[in-house]
Amino acid sequence: MARALRLAERGLYTASPNPRVGCVLVRDGNVVGEGWHERTGEPHAEVHALDAAGEAARGATAYVTLEPCSHHGRTPPCADALIAAGIARVVMAVQDPNPQVAGQGSAKLRAAGIEVECGLMEAAARELNIGFFARMARGTPWVRSKIAMSLDGRTALANGTSQWITGEAARQDVQHWRARSCAVLTGIGTVLADDPQLNVRGIETSRQPVRVVVDSYLRLPTSARILGEENTPAPDGDASRSLSRRGRGREGVWVYTATQDANKISTLEKNGARVSVLPDANGRVDLNAVLHDLAASGCNEVLVEAGSALNGALLQAGLVDELILYFAPQLLGDMASGMAQLGELTSLDQRINLEWQDVRNVGKDLRIMARVKKG
């Protein structure tokens with residue numbers, strides 16, 4: 001199973017919106033086939049492993065990191081393929097949370113006389129697909145907020161200067177988090193101040209994340225680099241199918257707004273953006289609705305790269321799952337901008353509690369990963 005999980009990691013940047021899955025076939029103590037799922041629409045891990053094993057699959061044990069699918073999607077059910085190949089035993093790490101599977105794959109295997117076991121290295125399998133499990137369980141992606149700051153928690157000087165607080169190694173590390181994410185989300189303030197591209201650079205991947213801009217009043221200029229033709233990702237999985245059904249123009253840049261200004265919307269759509277109007281009761285973008293819309297389009301993991309206003313709004317709304325904090329060995333002083341606008345807390349009961357996940361040096365900087373404690 002450990003080998004199957006390592007194989008599944010090979011789809012870290014490319015499998016979304018499908019889960020990352022690996023499979024190893026063992027017969028008489030020898031590995032006879034292995035495979036992993038690379039991208040949506042292509043064969044699943046079990047099929048690759050069965051193809052590699054050929055006749056040696058008959059009577060073998062299949063170690064697979066996720067319950068084999070039992071429904072017809074873009075590919076036939078993997079449970080049927082395992083049955084047809086004569087697999088004798090299936091050991092899976094975790095049950096598939098997808099309601100279209102959710103135990104049905106296991107039931108089909110058992111009905112065919114195949115021994116089925118579940119739970120081996122379950123925690124690791126869930127962690128690898130944490131966004132997929134979040135999307136299936138609650139209808140929203142797993143949200144990580146990346147923040148680069150000084151040791152005293154400052155992200156920019158009072159005049160807006162922020163490039164660069166952290167070093168090259170930290171900036172390159174961010175590219176890995178972008179590459180594994182289905183979407184990179186930012187606010188209009190960051191776009192106007194920094195004119196970022198928010199695409200993956202320096203990492204070999206066939207898939208770019210969708211770039212999402214929260215822009216309540218449609219201030220996004222058509223000259224923004226994020227709208228550039230060269231930055232537009234190729235259509236990707238369920239997300240591209242969803243956009244095609246909606247008839248929303250070129251995939252790649254999605255703008256969420258609270259304004260019904262038809263002229264501004266038309267201008268942005270002509271420049272390649274998909275624009276959705278999702279206002280809240282206060283006339284700003286409904287962030288919860290944004291995340292549900294992203295999930296409905298197939299987004300498993302979202303990386304937030306935004307300023308203190310949007311970071312604060314997401315944290316206050318309880319929409320952030322994890323923080324990736326890069327601390328540079330420098331002090332910027334109390335006049336510089338903070339990491340998140342949370343307003344004044346009058347009681348410690350209002351604080352946002354975190355759980356440490358990982359602490360390590362990245363070049364000259366320190367990276368701390370922490371998860372938001374909820375409930």
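We use all heavy atoms of the structure for the numbers below, so side chains are in, but hydrogens, waters and symmetry mates are not.
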Does atom [atom1] of [X] have more than 12 heavy-atom neighbours from other groups under 6.0 Å away?
{"X": "Lys364", "atom1": "NZ", "value": "yes"}
{"X": "Lys374", "atom1": "NZ", "value": "yes"}
{"X": "Arg284", "atom1": "CZ", "value": "no"}

Residue pair Leu314, Val320: steps toward the side chain to side chain contact (heavy atoms under 4.5 Å, CB included) verdict: CA-CA 6 Å; Leu314 288 166; Val320 176; 3.6 Å; yes
Any idea which heavy atoms bring [X] and [Y] closest together, and the distance?
{"X": "Gly11", "Y": "Trp36", "result": "N-CD1, 4.1 Å"}
{"X": "Leu287", "Y": "Ala313", "result": "CD1-CB, 3.8 Å"}
{"X": "Thr65", "Y": "Ala8", "result": "OG1-CB, 4.2 Å"}
{"X": "Ser308", "Y": "Gly338", "result": "CB-O, 3.2 Å"}
{"X": "Leu342", "Y": "Leu345", "result": "O-CD2, 4.2 Å"}
{"X": "Ala170", "Y": "Asp365", "result": "CB-OD2, 3.5 Å"}

Give, for atom [atom1] of [X] and atom [atom2] of [Y], the distance between the pair rounded to the nearest 0.5 Å.
{"X": "Arg178", "Y": "Glu301", "atom1": "CZ", "atom2": "CD", "value": "15.0 Å"}
{"X": "Trp142", "Y": "Glu322", "atom1": "CH2", "atom2": "CD", "value": "5.5 Å"}
{"X": "Trp177", "Y": "Lys146", "atom1": "CH2", "atom2": "NZ", "value": "13.0 Å"}
{"X": "Ser206", "Y": "Arg39", "atom1": "OG", "atom2": "CZ", "value": "3.5 Å"}
{"X": "Leu109", "Y": "Cys78", "atom1": "CG", "atom2": "SG", "value": "10.0 Å"}
{"X": "Ser145", "Y": "Leu315", "atom1": "OG", "atom2": "CG", "value": "6.5 Å"}

Under the 3.5 angstrom rule, does the side chain of [X] hit a backbone N or O of [Y] as a donor-acceptor pair?
{"X": "Arg211", "Y": "Ile226", "result": "yes"}
{"X": "Thr190", "Y": "Gly307", "result": "yes"}
{"X": "Asn18", "Y": "Thr40", "result": "no"}
{"X": "Arg154", "Y": "Met335", "result": "no"}
{"X": "Ser16", "Y": "Cys182", "result": "no"}
{"X": "Asp261", "Y": "Asn263", "result": "yes"}
{"X": "Gln330", "Y": "Ile165", "result": "yes"}
{"X": "Gln350", "Y": "Thr346", "result": "yes"}
{"X": "Glu46", "Y": "Ala79", "result": "no"}
{"X": "Asp96", "Y": "Asn98", "result": "yes"}

Determine whether [X] and [Y] fall in the same hydrophobic cluster, where Ile, Leu, Val, Met, Phe, Trp and Tyr are linked whenever their side-chain heavy atoms lie under 4.5 Å apart.
{"X": "Ile83", "Y": "Leu25", "result": "yes"}
{"X": "Leu294", "Y": "Tyr13", "result": "no"}
{"X": "Tyr326", "Y": "Leu332", "result": "no"}
{"X": "Leu66", "Y": "Tyr63", "result": "no"}
{"X": "Ile87", "Y": "Val31", "result": "no"}

Taking atom types as modelled, is there a side-chain donor on [X] or [Y] under 3.5 Å from an acceptor on the other?
{"X": "Asp293", "Y": "Tyr256", "value": "yes"}
{"X": "Arg138", "Y": "Thr140", "value": "yes"}
{"X": "Thr186", "Y": "Glu305", "value": "no"}
{"X": "Ser150", "Y": "Asp152", "value": "yes"}
{"X": "Arg20", "Y": "Asn129", "value": "no"}

With a 4.5 Å cut-off on side-chain heavy atoms, are [Y] and [X] touching?
{"X": "Val91", "Y": "Val64", "result": "no"}
{"X": "Ser337", "Y": "Thr155", "result": "yes"}
{"X": "Cys69", "Y": "His44", "result": "yes"}
{"X": "Leu354", "Y": "Arg371", "result": "no"}
{"X": "Gln104", "Y": "Ser106", "result": "no"}
{"X": "His37", "Y": "His48", "result": "no"}
{"X": "Asn199", "Y": "Arg201", "result": "yes"}
{"X": "Arg27", "Y": "Thr61", "result": "no"}

task: Might you work through the side chain to side chain contact (heavy atoms under 4.5 Å, CB included) test for Ile324 and Ile147, ending with a clear yes or no?
output: CA-CA 6 Å; Ile324 308 175; Ile147 307 175; over 6 Å; no
field: Chi angles and distances behind the salt bridge (charged side-chain N to carboxylate O under 4.0 Å, His left out) call for Arg351, Asp349
entry: CA-CA 6 Å; Arg351 62 190 167 187; Asp349 291 337; 5.9 Å; no
- prompt: Of Ile188, Thr267, Thr257, which is the lone residue that meets side chain to side chain contact (heavy atoms under 4.5 Å, CB included) with Leu220?
  reply: Ile188
field: Worked check of side chain to side chain contact (heavy atoms under 4.5 Å, CB included) between Thr205 and Thr14
entry: CA-CA 7 Å; Thr205 178; Thr14 59; 4.2 Å; yes
Test log, rule salt bridge (charged side-chain N to carboxylate O under 4.0 Å, His left out), inputs Glu38 and Arg10: CA-CA 7 Å; Glu38 184 172 346; Arg10 297 186 184 184; over 6 Å; no
- prompt: Is the closest basic N to carboxylate O distance between Glu117 and Arg89 below 4.0 Å?
  reply: yes
- request: Determine, for Arg171 against Asp173, whether the closest basic-nitrogen to carboxylate-oxygen distance falls under 4.0 angstrom.
  value: no
message: side chain to side chain contact (heavy atoms under 4.5 Å, CB included), that's the test. Do Leu366 and Leu151 meet it? Break it down for me.
response: CA-CA 9 Å; Leu366 183 69; Leu151 191 58; 5.9 Å; no
